[in-house]
Amino acid sequence: MTTQFAGFSKLDREQRMNYIVENSSLTTDGKSEFEDYLAPVAEQQSLFSDMIENYIGNFPVPMGIVPHILINGESFMVPFVTEESSVVAAAAKAAKYWVTRGGFKAEVTSMTKKGQVHFTWNGNSDLLSKIFPEIRQIMFEATNLLTRNMRQRGGGITEIHLLNKTSQLPDYYQIDVSFETGDAMGANFINSCLEAIASVLLQVPELNSGDNRIEIIMSILSNYTPDCLVRCYVECPVKSLTDWHIKLNGNAFATKFKQAVDIANLDISRAVTHNKGILNGVDAVLLATGNDLRASAASVHAYASRDGRYKGLSKVQLSDEMFRYELELPLAVGTVGGISQIHPLVQKTLAILNYPDAGKLMMIAAAAGLASNFAAIASLITSGIQAGHMKMHLSNILCQLKLNHSERESAIIHFSGTNVSYAAVEDYISKIRGEQ
Ligand code: MEV
């Protein structure tokens with residue numbers, strides 16, 4: 001059983017691993033497997049070991065390429081980092097399908113991010129509102145140095161508002177601040193500005209006299225980014241929606257596709273899975289480009305609930321014999337700063353994408369999401385999802401069972417027309433081994 005241990009962080013990597021072997025089920029062989037995944041060159045390795053605390057090793061996840069996503073007439077080879085088999089194949093199939101139908105159209109409608117200083121004050125709210133315009137000015141001045149570089153790049157603080165929230169929580173107010181952060185995700189920049197703005201509040205004599213004192217509860221960016229929005233769609237005549245699957249003609253495919261998407265709009269059980277299929281593509285691109293998945297996932301799910309009910313994020317329009325499939329996502333991403341300057345491969349994945357700016361990366365991620373989602377729905381309403389998944393699933397099982405070449409070949413042939421499960425493959429392999 002693991003004992004209480006103080007000072008783990010003071011140990012070096014080797015000592016930490018020894019401690020883990022002594023206090024867990026990890027064996028010394030298991031421990032040495034960690035070494036296989038360390039970077040061979042010391043400088044490369046220290047990029048990883050200095051990235052987080054209590055570091056013990058690297059955890060590789062495969063990267064693949066969706067070779068041709070056409071967005072606004074420009075072709076991209078898009079790196080996907082994902083542990084899930086079929087994600088790359090599905091997105092690549094949908095992206096290829098749409099290349100011949102005009103590709104993806106995308107636009108970024110705005111890139112504003114927000115943060116808030118949350119504080120309490122038990123004084124007269126009319127006084128606060130009255131003197132706030134002057135305080136706002138001081139807040140802009142107090143952040144001038146912090147925002148200078150960002151302003152030179154066309155960004156900075158665009159708005160500062162006082163919000164009275166005392167009807168929701170006694171004495172509670174917010175300073176709601178809007179930011180433009182250019183190609184940076186901007187989390188550190190936003191948080192530094194908010195803390196400077198909070199300290200302005202503490203220095204206003206009228207707000208900090210006698211019993212009426214400002215109490216800063218917290219100053220933090222909001223990961224909800226409904227004003228940092230990308231739209232992406234594909235469109236074609238219904239009659240050209242052929243050849244995804246031989247069983248359905250264009251009309252039948254479009255009608256069934258719309259029904260499947262409408263179901264995601266009215267039923268939460270389906271909506272969550274539908275949106276997960278969108279995130280299969282979005283997250284794979286964000287991970288490959290060193291962006292913060294937790295932030296985008298939190299924002300995307302909140303956005304899916306913006307009408308008070310969780311819904312699917314994509315929608316179908318069928319009109320005038322046209323099929324249009326559209327997705328709107330609040331995505332705050334960066335192509336400079338943060339991990340993009342530290343992780344040894346992020347600059348390389350950005351190079352594969354020809355160094356997009358943040359807006360273009362939003363469009364690429366959205367197109368990857370729509371491609372993944374289109375592939376999922378198109379399969380679900382035709383052959384079912386397992387047909388495609390099972391091919392990759394079989395390949396994973398064959399890897400796990402460490403088969404020789406002829407066993408592998410024979411299993412692939414045998415399971416080409418049969419349901420795949422770990423037990424079924426195991427049984428089949430023991431059978432053919434018994435026959436030899
Ligand atoms: C699997 O990773 C994703 C799907 O479940 C998405 C969907 O059901 O739409 C296939």
Side-chain angles (χ1 to χ4, degrees), residues 61-66 69 78-98 104 232-234 241 244-245 247-248 252-288 293-294 296-297 300-301 303-305 309-318 323-329 331 365-397 399-400 419-422:
V61 182
M63 182 186 300
I65 287 281
V66 174
I69 304 192
V78 182
F80 271 41
V81 170
T82 180
E83 87 301 342
E84 185 175 339
S85 52
S86 302
V87 164
V88 175
K93 183 174 175 190
K96 187 171 166 206
Y97 185 80
W98 282 102
F104 295 79
C232 179
Y233 69 89
V234 286
L241 279 175
W244 184 273
H245 198 267
K247 280 198 195 138
L248 295 180
F253 180 91
T255 306
K256 203 167 172 192
F257 196 104
K258 181 164 169 21
Q259 285 165 335
V261 176
D262 288 349
I263 290 169
N265 270 306
L266 58 87
D267 176 60
I268 187 169
S269 295
R270 177 57 204 147
V272 172
T273 321
H274 180 97
N275 289 344
K276 188 273 185 188
I278 294 171
L279 291 178
N280 273 348
V282 174
D283 283 5
V285 173
L286 296 190
L287 203 51
L293 297 189
R294 284 89 54 211
S296 59
V300 159
H301 294 301
Y303 195 70
S305 318
R309 195 164 57 75
Y310 189 93
K311 293 180 181 173
L313 285 155
S314 49
K315 57 178 192 259
V316 176
Q317 280 170 30
L318 284 180
F323 171 90
R324 181 181 163 111
Y325 196 38
E326 189 175 313
L327 172 66
E328 195 174 65
L329 290 175
L331 284 184
L370 192 60
S372 301
N373 179 231
F374 179 86
I377 307 300
S379 294
L380 285 167
I381 62 166
T382 54
S383 49
I385 209 70
Q386 288 310 87
H389 269 215
M390 278 308 147
K391 242 199 255 162
M392 294 305 289
H393 186 44
L394 176 64
S395 156
N396 286 346
I397 295 172
C399 274
Q400 283 172 48
N419 274 346
V420 177
S421 72
Y422 194 90

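Just follow the structure's listing: the first ligand is 1, and inside any ligand the first atom is 1.
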Enquirer: Can you find an N/O atom of Asn373 closer than 3.5 Å to an N/O atom of ligand 1?
Expert: no

Enquirer: Which of the atoms of ligand 1 are close to Asn280, meaning less than 4.0 Å from one of its heavy atoms?
Expert: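 In order of number, 1 (C), 2 (O), 3 (C).
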
Enquirer: Number the atoms of ligand 1 from 1 as they appear, then name those within less than 4.0 Å of a heavy atom of Leu380, with their elements.
Expert: 7 (C), 8 (O), 9 (O)

Enquirer: When you measure from the side chain of Asn275 to the backbone N and O of Leu313, does any donor-acceptor pair fall under 3.5 Å?
Expert: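 It does hold such a pair.
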
Enquirer: Using the side-chain hydrogen bond (donor to acceptor under 3.5 Å, both in side chains) rule, pick out the option among His274, Glu328, Glu326 that qualifies with Ser314.
Expert: His274

Enquirer: Could you list the atoms of ligand 1 found under 4.0 angstrom from a heavy atom of Thr273?
Expert: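 Result: 5 (O), 6 (C), 7 (C), 8 (O), 9 (O).
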
Enquirer: Need the ligand 1 atom indices (1-based, order shown) with element for anything under 4.0 Å from a heavy-atom of Arg270.
Expert: 7 (C), 8 (O), 9 (O)

Enquirer: Can you tell me which residue among Trp98, Tyr233, Phe374 is in a side chain to side chain contact (heavy atoms under 4.5 Å, CB included) with Tyr325?
Expert: Phe374

Enquirer: Taking only heavy atoms of Glu84 into account, list the atoms of ligand 1 that are under 4.0 Å away from them.
Expert: 1 (C), 2 (O)

Enquirer: In Å and rounded to the nearest 0.5 Å, what is the OG1 to NZ distance from Thr255 to Lys258?
Expert: 9.5 Å

Enquirer: What distance separates Lys311 NZ from Ser305 OG, expressed to the nearest 0.5 Å?
Expert: 10.0 Å

